[in-house]
**Q** 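Let me give you the structure first, and then I'll get to my questions.
Atoms within each ligand, like the ligands themselves, are counted from 1 in listed order.
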Amino acid sequence: MNLSREAVVEGLQRLLGPENVVTDERILKESSIDRFRMFEDIHGVYTQPIPAAVAMAQSTEQVADVLRFANEHGVNVVPRTGRTATEGGLETAVADSVVLDGSGMNEILAIDAYNMQATCQCGVPLQVLEDRLREQGLTTGHSPQSKPLAHMGGLVATRSIGQFSTLYGGIEDMVVGLEAVFPDGTVTRVKNVPRRAVGPDIRHVAIGNEGTLCYITEVTVKLFPYLPENNVFLGYTVTDMKTGFEVLREVMVSGYRPSVARLYDPADGAYHFAHFLPEGLSILIFVAEGPAGVAAATAEGIEAIVAHRSECGKVESRFISTWFADLNLGPDKIATERESILQTGNINRTTEVSGDWGSINAIYENALARIIAEIPDITMAGGHSSHSYINGTNMYFNYFYNVVGCGPEGEVTKYHTPINRIICEETLRFGGAIVHHHGLGKARTPWAREEYGSSFHILETLKGAFDPNGIMNKGTIIPG
Ligand SMILES: Cc1cc2nc3c(=O)[nH]c(=O)nc-3n(C[C@H](O)[C@H](O)[C@H](O)COP(=O)(O)OP(=O)(O)OC[C@H]3O[C@@H](n4cnc5c(N)ncnc54)[C@H](O)[C@@H]3O)c2cc1C
């Protein structure tokens, strides 16, 4: 880098005005990390290089100005919007980075109920968009647990997925078109059409780029009718996970598209459903939704499939609907969680992967057995499948450990990274993908080359072409 920290700040102030350049030390420290180092944050210990400034962009032009400036002077830029990243994607790996914050670009630009699509700036919180849409009987169909906090730009940049994905798909199935700015300041727009076959689908250069290729400034997503009155909630106990996976598979390959298809193992099930789930049992959960006839037929089809399984027992549907109503995490639950971690040192982490039907049970069993055998101070280890496809499903490992014998800065190295290593190794061994929806961030980049295999060539070439000076979110996706 050619510029001093002071010169970076002065340059940003010239471009954005001093009121849009944050240099408060506490805010800079908090902006050097994300939820991956939550334990450090809770204790006020910051081990990552502190950024020079947080640049609050208010327009696409300002994003372009900041990127052009950073590119010219070799300054690392970390894009951000909702700040719910969990995998180190927001860590400023290089001293005197610029955190480019688009949360001020928060306008819903159009809701087009005739063509069933909505366009928003990157800093629109999904919850705000959904609330507006539901007033008109519409929904995006996107409902990640972070819906109250995450913004449209980040949701697209991480290739996020929501709780109703089995019907609506992940964000990649919802994005119609978008606007993005590249490191040299070039502003590009992929137009909104239902489908086109004009070479490679270039939306995917931006979708899931995690701030390493371009800055997403605007997105257009599909809309669907919102018909919650037709929802049918189904729950079944199941004696073992292997049978549970078989039931999920049968539902999917029979052609049913419930919005929700989930399977919790006994440990994770006890964490969520202790008030009714008998000890040692797993639980299957389905939601059928859509127009009344479709929802009813989907529910009927699932009931018929489960009826053949002596390993399954019915759960009252009110338990399932009540649980769903309170699943998302907003600021209040995050604050309660932080307080509890500070007092107890007992911390909850997750790692999500995917595999085809033939491998998912082996990934689940082997990774879980190794976590329990190899990691000290585990207080809970389990998992669930929450997103199913015709050819396989995901596994969301959910685990708690009590941090013992290390300071806040040791939590990642003693617990979280070794657990990630086990899960990535076992997933790769059985041919699965090491990240299902949280993004690679910086936490899982050590396994990126193995994950991509020979297709890593395409990734490296994209990075070299669009970000030749390597200023976009160093250390994310591509190992630094
Ligand atoms: C409690 C909780 C629950 C969660 N539940 C889910 C879930 O159900 N499903 C799911 O998929 N994820 C979930 N996540 C993870 C997280 O919410 C998602 O990854 C989300 O998409 C991040 O959006 P954000 O706006 O907060 O992005 P940020 O945290 O601001 O950024 C995330 C990443 O995207 C990059 N980025 C952000 N904005 C832009 C932009 N405009 N252009 C280019 N790059 C950008 C950043 O550099 C970073 O690498 C959860 C997280 C939490 C804390």
**Q** Which of parallel (below 30°), tilted (30 to 60°) and perpendicular (above 60°) describes F456 and Y452?
**A** perpendicular
**Q** Using a 4.0 Å heavy-atom cut-off, which part of T81 comes near ligand 1: side chain, backbone, both, or neither?
**A**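 Both backbone and side chain.
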**Q** Is it true that C214 lies under 4.0 Å from ligand 1, counting heavy atoms only?
**A**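 Per 4.0 Å heavy-atom rule, C214 contacts ligand 1.
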**Q** Atom 44 (N) of ligand 1: which of P148, G89, G211 has the nearest heavy atom?
**A**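 Answer by nearest heavy atom: G211.
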**Q** At a 4.0 Å threshold, what atoms of ligand 1 neighbour a non-hydrogen atom of A85?
**A**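 Atoms satisfying the 4.0 Å criterion: 29 (O), 32 (C).
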**Q** Distance to 0.1 Å, residue and atom name: give those for the protein heavy atom nearest to atom 49 (O) of ligand 1.
**A** E210 O, 3.3 Å
**Q** Are there more than 12 heavy atoms of other residues, nucleotides or ligands under 6.0 Å from atom CD of E25?
**A**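 For E25, atom CD is not crowded (no more than 12 foreign heavy atoms under 6.0 Å).
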**Q** I'd like to check N209 versus I216 (side-chain heavy atoms, cut-off strictly below 4.5 Å). Are they in contact?
**A**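 Answer yes - side chains close enough.
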**Q** Under 4.0 Å from a heavy atom of I216: give me the atoms of ligand 1 that qualify, with their elements.
**A** 40 (C), 41 (N), 42 (N), 43 (C)
**Q** Nearest to atom 7 (C) of ligand 1, what protein heavy atom do you find, and at what distance?
**A** P144 CB, 3.4 Å
**Q** Please check whether I161 reaches ligand 1 - meaning an N/O of the residue sits under 3.5 Å from an N/O of the ligand, judged on distance alone.
**A** yes
**Q** Among all the protein's non-hydrogen atoms, which is closest to atom 47 (O) of ligand 1, and how far away is it?
**A** P79 O, 2.6 Å
**Q** If we only consider heavy atoms of T476, is any one of them less than 4.0 Å away from an atom in ligand 1?
**A**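 In this structure, T476 fails to qualify as a contact of ligand 1 - no heavy atom is under 4.0 Å.
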**Q** Using a 4.5 Å cut-off on heavy atoms from C-beta on, say whether the side chain of Y396 contacts that of R262.
**A**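 No, their side chains stay 4.5 Å or more apart.
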**Q** Look at the rings of F397 and Y364 and say which category their plane angle falls in: under 30° parallel, 30 to 60° tilted, over 60° perpendicular.
**A**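 Rings of F397 and Y364: parallel, under 30°.
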**Q** Checking contacts here: is it the side chain or the backbone of Q163 that comes within 4.0 Å of ligand 1, counting heavy atoms only? Could be both or neither.
**A** neither
**Q** Just distances here: any N/O of G82 and N/O of ligand 1 closer than 3.5 Å?
**A** yes
**Q** Among all the protein's non-hydrogen atoms, which is closest to atom 27 (O) of ligand 1, and how far away is it?
**A**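 So the nearest neighbour among protein heavy atoms is G154 CA, 3.4 Å.
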**Q** What protein heavy atom is closest to atom 22 (C) of ligand 1, reported as residue, atom name and distance in Å?
**A**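 Nearest neighbour among protein heavy atoms for atom 22 (C) of ligand 1, to 0.1 Å: T84 OG1, 3.3 Å.
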**Q** Of all residues at least two apart in sequence or in a different chain, which pass the ring pair (Phe, Tyr, Trp, His ring centres under 6.0 Å) check with H151?
**A**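 Ring pair (Phe, Tyr, Trp, His ring centres under 6.0 Å) check on H151 returns nothing, list empty.
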**Q** Which heavy atom of R5 sits nearest a heavy atom of I50, and at what distance?
**A** NH1-O, 3.3 Å
**Q** If we set the cut-off at 4.0 Å for heavy atoms, which region of N473 has an atom near ligand 1: side chain, backbone, both, or neither?
**A** side chain
**Q** Less than 4.5 Å apart, side chain to side chain, heavy atoms only: is that true for I111 and L133?
**A** yes
**Q** For F36 and N420, work out which heavy atoms get closest and say how close.
**A**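 Closest heavy-atom pair between F36 and N420: CE1-ND2, 4.1 Å.
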**Q** Would you mind checking which non-hydrogen protein atom is closest to atom 31 (O) of ligand 1, with the distance to 0.1 Å?
**A**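 Ranked first by proximity to atom 31 (O) of ligand 1 is L90 CD2, 3.7 Å.
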**Q** Looking only at protein heavy atoms, identify the closest one to atom 8 (O) of ligand 1 and say how far it is in Å.
**A** Q145 N, 2.8 Å
**Q** For H275, does the NE2 atom have more than 12 heavy-atom neighbours from other residues, nucleotides or ligands under 6.0 Å away?
**A**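 Yes.
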**Q** Counting from 1, what ligand 1 atoms have a heavy atom of T158 closer than 4.0 Å?
**A** 18 (C), 19 (O), 20 (C), 21 (O), 32 (C), 33 (C), 34 (O)
**Q** Test of understanding: with ring pair (Phe, Tyr, Trp, His ring centres under 6.0 Å), list the residues that count as partners of F286, not counting sequence neighbours.
**A**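 So F286 forms no ring pair (Phe, Tyr, Trp, His ring centres under 6.0 Å) with any residue.
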**Q** In terms of residue, atom name and distance, what is the protein heavy atom nearest to atom 6 (C) of ligand 1?
**A** S146 OG, 3.8 Å
**Q** Is there a side-chain contact between N328 and Q163 in this structure, where contact means two heavy atoms from C-beta onward sitting under 4.5 Å apart?
**A**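 Contact flag for N328/Q163 side chains = yes.
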**Q** Quick one: which ligand 1 atoms are inside 4.0 Å of a heavy atom on L329?
**A**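 Per the distance check, 1 (C).
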**Q** Is it the case that more than 12 heavy atoms not belonging to E460 sit under 6.0 Å from its CD atom?
**A** yes
**Q** Quick one: which ligand 1 atoms are inside 4.0 Å of a heavy atom on R35?
**A**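 Under 4.0 Å from R35, ligand 1 has these atoms: 53 (C).
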**Q** Side chain, backbone, both or neither: which part of T86 comes within less than 4.0 Å of ligand 1 when only heavy atoms are counted?
**A** side chain
**Q** So for atom CZ, which belongs to R68, do other residues, nucleotides or ligands contribute more than 12 heavy atoms lying within a distance under 6.0 Å?
**A** yes
**Q** Could you tell me, atom by atom, which parts of ligand 1 come under 4.0 Å of a heavy atom of R80?
**A** 30 (O), 37 (C), 38 (N)
**Q** Which of the atoms in ligand 1, numbered in the order shown and given with their element, are less than 4.0 Å from a heavy-atom of S160?
**A** 11 (O), 21 (O)
